[in-house]
S.K.: 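Here you go, one structure.
Every chain is numbered from 1 and lettered A, B, ... according to where its sequence line falls, protein lines coming before strand lines. Only a predicted model underlies this, so the values are computations on that prediction, with no experimental measurement involved.
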There are 2 protein chains.
Amino acid sequence: MSVSALTAGNIPSYPRRIVIAGMDGCQACSVCEVRAHGICSALNDDELAQLAKAAVRVTIPPGRQFIEEDSDAGEFFNITSGTVKLFKSLPDGRRQIMGFVGIGHFLGLAVSDRYAFSAEAIDQVRLCRFSRERLETIIDEFPRLERRLRNEAANELVAAQDQMLLLGRKTARERVASFLYGQMVERYSDDIPRNARLIFPMTRADIADFLGLTVETVSRTISGLRREGLVTTGAGHEISVPTPSRLQTIARGEE
Amino acid sequence: MSVSALTAGNIPSYPRRIVIAGMDGCQACSVCEVRAHGICSALNDDELAQLAKAAVRVTIPPGRQFIEEDSDAGEFFNITSGTVKLFKSLPDGRRQIMGFVGIGHFLGLAVSDRYAFSAEAIDQVRLCRFSRERLETIIDEFPRLERRLRNEAANELVAAQDQMLLLGRKTARERVASFLYGQMVERYSDDIPRNARLIFPMTRADIADFLGLTVETVSRTISGLRREGLVTTGAGHEISVPTPSRLQTIARGEE
DNA sequence: CGTGACCTTGAATTAGCTCAATGACGGTGG
DNA sequence: CCACCGTCATTGAGCTAATTCAAGGTCACG
């Protein structure tokens, strides 16, 4: 399935012409939820107006794959709401999730002329779609945008290297603790309160594919942490963490 | 151990003042082995002269660690010869090698204000050292350099994601095949000849730490490939591959 | 209230690890 | 020149963390 097929069609509830109309005069961008996040925050209002002309807003339903690994990388994306999983697959179906990305995330850095990963919406996702060609032109005009993208790429590289350490050398317990702690950092950033509460959009299978484990091992490991009083689980995908620092200690491989 | 201590001293055979003198007038850069590679190839001769003023050439003996994870990232590096291993460690000594990098590679992308990894010379390494501050100034002046760095970062991200798939989902056999095939691509780039011969600068322990395995498993796996006739091993760290395509098939997880 | 997707738990299996012994190689000093 | 030593690589034997296979349980939704 090609990306153009995915993005050009199959969005009956949000016809393209109306979306484009909505972007006129930069209204959509200047009042956008991610105005202060992501690449947009590197631009002033005038520059943003340029960017807006190249953007098309689309909505992706849960479970829909909208980037196929190895297909032509003709478009970049900027997520404005929802959560997306990025993954690679082996021919026999084994899957590795490279990351879960949400609001403000720019999609299309790990790209030559073909996408290096597939992308699928976990919950309902809204995003801005850019033609790669047009965006590159805009980038040429605004060096600040270029620098911003380099910074984004640097951050992603740091995250990728942390994940390599996790996948190559951490135990199941350390992996799950790392994941939970990482999600808390995303949610609360700087310092995480005691009894921090998280609600995950992703399934156990997704977590397993992110951590290089099986569903069963993830489930057993979380149960283990629960028995030790390190986490409490609630309805849906809710997990609370009484003492985040203990989780962090485990995540770091210090015990 | 701080980076400045490592880079400022301990290079008795190559005193700094002479090195700096050698860079005058861009001579050193314009005739440099990596002139056509890495970030330097993004610049014309005049621009390169600017860069040269900020560069200090240093030589690192085998086994010397010259970047310490989490120390202040005050300097960037550009490798002109030799091979460097980049790695992260856990408190108990478990180690994950993020990659082996050689000629033309720019070191310092996966960085916030502290290094995200440690770096150690495998064989004798020569590199250009830049003050981070000065290099950032130069980058501001030359947008082509900025774009080049983003491309470098994008390529590293793609490689990191391939490695995540390897570490999270591939078998030992697939990992070793991937490594050998990857080394062949580095050596021969496009199409790899039959009976391609490789000489590795790194030990089995390094390969193990790169692939998320133990030394013993790497050794046994290579022995297994030898018994199957997929590789032949020679003296030193030499390995030949009669049919690279078969190795590639295994690396991709297709059998 | 039936169905399907997801989660949990148990039992048995196994890929890769740990521990241990031996061998190959290269440098060093007598 | 060769005996010694340390580092690195290989191989074997047994172990274990995580997987596979299997069985229920929970929950949302039509």
Side-chain angles (χ1 to χ4, degrees), chain A residues 61-63 85 90 92-96 120 122-123 166-180 199-228 231-239 250 253, chain B residues 61-63 85 90 92-97 120 122-123 166-180 198-228 231-239 250 253:
Chain A
K85 60 184 177 203
L90 291 169
D92 63 1
R94 281 174 287 171
R95 214 175 48 137
Q96 179 64 40
E120 182 181 315
I122 291 180
D123 42 24
L166 179 149
L167 293 169
R169 290 307 182 202
K170 288 187 183 177
T171 65
R173 180 183 160 86
E174 289 162 355
R175 292 181 199 206
V176 170
S178 297
F179 172 71
L180 295 176
I199 294 173
F200 297 93
M202 70 289 283
T203 66
R204 293 284 188 270
D206 287 336
I207 298 174
D209 282 342
F210 182 55
L211 299 179
L213 300 170
T214 59
V215 193
E216 295 93 328
T217 299
V218 170
S219 187
R220 273 188 260 270
T221 305
I222 291 176
S223 297
L225 294 175
R226 177 159 15 84
R227 254 174 263 121
E228 295 177 66
V231 305
T232 59
T233 56
H237 286 179
E238 185 192 319
I239 294 187
I250 297 169
Chain B
K85 60 185 175 200
L90 290 169
D92 63 1
R94 281 173 287 171
R95 214 174 50 137
Q96 178 64 40
I97 292 181
E120 183 182 314
I122 290 180
D123 42 23
L166 179 149
L167 293 170
R169 291 305 184 204
K170 287 186 183 176
T171 65
R173 180 181 159 85
E174 289 162 355
R175 291 182 201 206
V176 170
S178 297
F179 172 71
L180 295 177
L198 296 170
I199 294 171
F200 298 93
M202 69 289 284
T203 66
R204 294 283 188 269
D206 287 336
I207 298 174
D209 282 342
F210 181 56
L211 299 179
L213 301 170
T214 59
V215 193
E216 294 93 329
T217 299
V218 170
S219 188
R220 273 189 260 270
T221 305
I222 291 176
S223 297
L225 294 175
R226 177 159 18 84
R227 255 174 263 121
E228 295 176 67
V231 305
T232 61
T233 56
H237 286 177
E238 185 193 318
I239 294 186
I250 297 168

S.K.: To the nearest Å, give me how far apart CG (B:Leu211) and P (C:dA15) are.
M.R.: 18 Å

S.K.: Just how far, in rounded Å, is P of C:dC6 from CZ of A:Phe200?
M.R.: 17 Å

S.K.: Extract from the structure each pairing of a protein N or O with an N or O of nucleotides 8-11 of chain D at less than 3.5 Å, listing the distance.
M.R.:
from   : atom 1 : to       : atom 2 : distance (Å)
D:dA9  : OP1    : B:Arg204 : N      : 3.1
D:dA9  : OP1    : B:His237 : NE2    : 3.0
D:dA9  : OP2    : B:Arg204 : N      : 3.0
D:dT10 : OP1    : B:Arg204 : NH2    : 3.4
D:dT10 : OP2    : B:Arg204 : NE     : 2.8
D:dT10 : OP2    : B:Ser219 : OG     : 2.8
D:dT10 : O5'    : B:Ser219 : OG     : 3.1
D:dT11 : OP2    : B:Ser223 : OG     : 2.5

S.K.: With sequence neighbours left out, what residues match B:Arg226 under side-chain contact (heavy atoms from CB on, under 4.5 Å)?
M.R.: B:Ser223, B:Val231, B:Thr233

S.K.: In whole angstrom, give the distance that lies between atom CD of B:Glu174 and atom C1' of C:dA15.
M.R.: 12 Å

S.K.: Tell me: CZ of A:Arg173 to C1' of D:dT16, nearest whole Å?
M.R.: 17 Å

S.K.: In whole Å, I'd like the distance from the CD1 atom of A:Ile239 to the P atom of C:dC7.
M.R.: 10 Å

S.K.: How long is the straight-line distance from CD of A:Glu216 back to OG1 of A:Thr221, given to the nearest 0.5 Å?
M.R.: 11.0 Å

S.K.: Starting from the 5' end of DNA chain D, give me the residue, A:Gly236 or A:Arg175, whose nearest nucleotide shows up first.
M.R.: A:Arg175

S.K.: Looking at CE of B:Met202 and CD1 of B:Ile97, how far apart are the two atoms once the value is rounded to the nearest 0.5 Å?
M.R.: 8.0 Å

S.K.: Would you please name every residue forming a salt bridge (charged side-chain N to carboxylate O under 4.0 Å, His left out) with A:Arg95, sequence neighbours left out?
M.R.: A:Asp206, A:Asp209

S.K.: Checking all strands, does A:Gly63 fall into the base, sugar-phosphate, or nothing category for heavy-atom contacts under 4.0 angstrom?
M.R.: nothing

S.K.: Please report the interatomic distance CD1(B:Ile239) to CZ(B:Phe179), rounded to the nearest 0.5 Å.
M.R.: 8.0 Å

S.K.: Taking CG from A:Leu225 and C1' from C:dT8, how many angstroms apart are they, rounded to a whole number?
M.R.: 15 Å

S.K.: Respond yes when some side-chain nitrogen or oxygen of B:Thr214 is under 4.0 Å from OP1 or OP2 of C:dC17, and no when none is.
M.R.: yes

S.K.: Kindly calculate the angle separating the two end axes of the helix from C:dC1-D:dG30 to C:dG30-D:dC1, each obtained from five base pairs, and round it to 10 degrees.
M.R.: 30°

S.K.: Rounding to an integer number of Å, can you tell me how far A:Asp123 CG sits from D:dA28 C1'?
M.R.: 17 Å

S.K.: For A:Ile199, check side-chain contact (heavy atoms from CB on, under 4.5 Å) against everything at least two apart and list the hits.
M.R.: A:Arg197, A:Glu238

S.K.: Would you check if the side chain of B:His237 reaches a backbone N or O of B:Thr203 as a donor-acceptor pair within less than 3.5 Å?
M.R.: no

S.K.: Closer than 3.5 angstrom, by distance alone: can the side chain of A:Arg169 be matched with the main-chain N or O of B:Arg94 as a donor-acceptor pair?
M.R.: no

S.K.: Could you tell me which residues satisfy salt bridge (charged side-chain N to carboxylate O under 4.0 Å, His left out) with B:Arg204, sequence neighbours excluded, listed by chain and number?
M.R.: none

